[in-house]
**Q** 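Dumping the structure here so I can ask a few things about it.
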Amino acid sequence: MKQRLCRMLFCLAVLLASCALLAVGASAADPMSDFDFARYGSENPDLLRAYGPYIYKDELYLHYLQHGASEGRAAYSLRTGQPFVLEENAQQAYQTQLTLTSAEARLGNATLTPDRNWPEPLLAVADQVLAQVGGSTPYEQLRGCYDWLIQNCSYGHEAISSEGGRIAEDAYSILVGRVGVCDNYSAAFAVMARMLGFDARLQNGETHRAAGGYTGHAWCVINIHGVDYVFDPQVEDNIAAGGSIRYLRFCKTYEEVPGKYILYADDVVQDSIMAGGDAGPAYSFGQGGIYLASVNQARAAAGVSPLAWDVDLARAALRIAQGEDSDIVLEELERRTGKSCALSSSYGFFPSPSSYTNLKADYKSIGVIFSGPSMCILYSRT
């Protein structure tokens, strides 16, 4: 447990970048962004036990897509709390996507939503690369971007400042300076992929080393109709070593690169649930449940009344932990439920549970969410 927490904290800086990309990239074309995976997991503890200790939110969405809906399992919208509705023909589109084996067919089947919501300096240099690589189809353009990074950039540490958040900075630095690490390669590829319209985001974790073992890493994932595909130009650059590109990390499912990656950031439960214990009330499981128990233990020792679990607060905390604007989320929460709450913490700061003994006695309820090492806590007087 301690080893896993340390490993997650080690990747905190990269994971925060991932949250930023998720905030920019949420759209109607990405139903997973609105799927309340935490509630689905907590209300179906048999799935948590069956999937094993390293379950990811995407897997829970895919379970609902493939099996849960037809089995009559309940699922909910993260934003409204109402029953989750699969997009029309979503199951058929997912099954069709699984039958596609070539990168050209897989990428050609994507629904494109171009995203140019990036700082102007980054858009200008990215447009130059896109014009240079050419291509008559989105597949050819995306492959051209992948090739360009490998053929024109080299591994190394060289930061070139630009306006924008961490992802924009990472992408701009390598596109201009032609030098970067995995964060730069993956950010640049993700930005250009999103400009082309693909549902690209960053994934963080570890990758297998040629010498054995694993090392911390960041790469790009593009989701098409519920199927995740790996794009890893930095590792591909290592494999090519100045020679021809073999596309061993281009548009591959995780099953097609077995043992090559360990994912971080999307863990939704901890090993204790897998031992056979039932999940508690909606959301009160895994790290969030453990933290709540510690808070109330500290409050009991101090003679302070315990905090109750609040599903609405937890749902709002999950949205914030995934990168949504906290002011917007809290305004929607108060308008929809009438509950007024305070934001205690988010994104990597882990307050001691004993700090909650100092809260005023009129605070009654709490919602706690861990998304990887990122944490969000909301509490209210109701």
Side-chain angles (χ1 to χ4, degrees), residues 18-19 21-48 50-51 54-95 97-98 110-111 113 198-203 221-229 253-254 263-269 273 279 281-288 311-325 328-329 332-333 336 367 369-372 374 376:
S18 205
C19 289
L21 184 60
L22 284 169
V24 172
S27 71
D30 178 19
M32 279 187 288
S33 68
D34 191 41
F35 182 74
D36 197 338
F37 70 91
R39 185 169 180 179
Y40 189 68
S42 68
E43 293 183 353
N44 294 280
D46 59 316
L47 301 183
L48 304 185
Y51 271 62
Y54 300 108
I55 189 170
Y56 301 96
K57 64 183 181 184
D58 290 6
E59 291 175 334
L60 289 172
Y61 169 77
L62 291 179
H63 179 276
Y64 183 72
L65 177 67
Q66 294 175 265
H67 310 292
S70 60
E71 292 173 356
R73 295 179 187 259
Y76 298 90
S77 162
L78 178 59
R79 286 163 179 77
T80 68
Q82 298 302 307
F84 183 83
V85 178
L86 285 170
E87 291 184 317
E88 187 177 2
N89 300 323
Q91 291 175 315
Q92 180 179 348
Y94 171 73
Q95 294 297 335
Q97 191 68 34
L98 289 178
T111 301
T113 307
F198 291 99
D199 176 20
R201 60 188 185 277
L202 300 185
Q203 178 61 59
V221 173
I222 291 179
N223 184 274
I224 303 175
H225 299 303
V227 181
D228 275 342
Y229 297 106
T253 65
Y254 284 108
L263 284 67
Y264 291 165
D266 291 341
D267 301 352
V268 296
V269 296
I273 291 293
Y283 296 96
S284 183
F285 69 100
Q287 289 176 289
V311 172
D312 291 320
L313 299 189
R315 182 164 61 245
L318 178 57
R319 291 175 60 186
I320 294 171
Q322 290 183 325
E324 293 192 46
D325 184 274
I328 294 175
V329 173
E332 289 181 3
L333 173 68
R336 184 173 58 84
I369 284 294
F370 285 75
S371 181
S374 296
C376 185

**Q** For Y94, give me all partners under ring-ring contact (aromatic ring centres under 6.0 Å, His included), at least two apart in sequence or on another chain.
**A**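 Not a single residue meets the ring-ring contact (aromatic ring centres under 6.0 Å, His included) criterion with Y94.
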
**Q** Please list, chain by chain and in numerical order, all residues satisfying salt bridge (charged side-chain N to carboxylate O under 4.0 Å, His left out) with R336, sequence neighbours excluded.
**A**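 Listed in chain order: D312.
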
**Q** Shortest non-hydrogen contact from R315 to G81?
**A**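 Heavy atoms only, the tightest pair is CZ-CA, 3.6 Å.
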
**Q** Of all the heavy-atom pairs spanning C376 and A317, show the shortest one and how long it is.
**A**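 The pair with the smallest heavy-atom distance is CB-O, 3.5 Å.
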
**Q** Return the set of residues passing side chain to side chain contact (heavy atoms under 4.5 Å, CB included) with Q82 (not counting sequence neighbours), or none when no residue passes.
**A**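 Scan of Q82 (side chain to side chain contact (heavy atoms under 4.5 Å, CB included), adjacent residues dropped) gives T80.
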
**Q** Any non-hydrogen side-chain atom of R201 less than 4.5 Å from a side-chain atom of N223?
**A**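 When only atoms from C-beta onward are counted, N223 and R201 do touch, with a gap below 4.5 Å.
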
**Q** Decide yes or no for D36 and L318: does some side-chain heavy atom of the first lie under 4.5 Å from some side-chain heavy atom of the second?
**A** yes

**Q** Could you tell me whether the side chain of L333 reaches within less than 4.5 Å of the side chain of L313, counting heavy atoms only?
**A** yes

**Q** Are the aromatic rings of F35 and Y64 close, with centres under 6.0 Å apart?
**A**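 Aromatic pair counts; centres sit under 6.0 Å.
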
**Q** Work out which heavy atom in A74 is nearest to a heavy atom in N44; give both atom names and the distance.
**A**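 Smallest heavy-atom distance, with atoms named: O-ND2, 4.4 Å.
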
**Q** Can you list everything that forms a side-chain hydrogen bond (donor to acceptor under 3.5 Å, both in side chains) with Q97? Sequence neighbours excluded, please.
**A**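 So Q97 forms a side-chain hydrogen bond (donor to acceptor under 3.5 Å, both in side chains) with N109, Y229.
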
**Q** Who passes side chain to side chain contact (heavy atoms under 4.5 Å, CB included) against A90, sequence neighbours left out?
**A**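 Per chain and number, A90 pairs via side chain to side chain contact (heavy atoms under 4.5 Å, CB included) with L65, L86, E87.
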
**Q** Hey, are the side chains of Q95 and H225 touching, using non-hydrogen atoms and a 4.5 Å cut-off?
**A** no

**Q** Run the ring-ring contact (aromatic ring centres under 6.0 Å, His included) test against F198 and tell me which residues pass, sequence neighbours left out.
**A** none

**Q** Which residues pass the side-chain hydrogen bond (donor to acceptor under 3.5 Å, both in side chains) test with E332, sequence neighbours left out?
**A** R319

**Q** For a 4.5 angstrom cut-off between non-hydrogen side-chain atoms, does R39 reach F84?
**A** no

**Q** Take R79 and E324, measure what salt bridge (Lys or Arg N to Asp or Glu O under 4.0 Å) needs, and give me the verdict at the end.
**A** CA-CA 11 Å; R79 286 163 179 77; E324 293 192 46; 2.9 Å; yes

**Q** Sub-3.5 Å donor-acceptor pair from the side chain of D325 to the main-chain atoms of I328, do we have one?
**A**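 Yes, because the side chain of D325 sits within donor-acceptor range (under 3.5 Å) of the backbone of I328.
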
**Q** Do F37 and H63 make a side-chain contact, defined as non-hydrogen atoms from C-beta onward lying under 4.5 Å apart?
**A**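 Counting from C-beta outward, F37 and H63 never come under 4.5 Å.
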
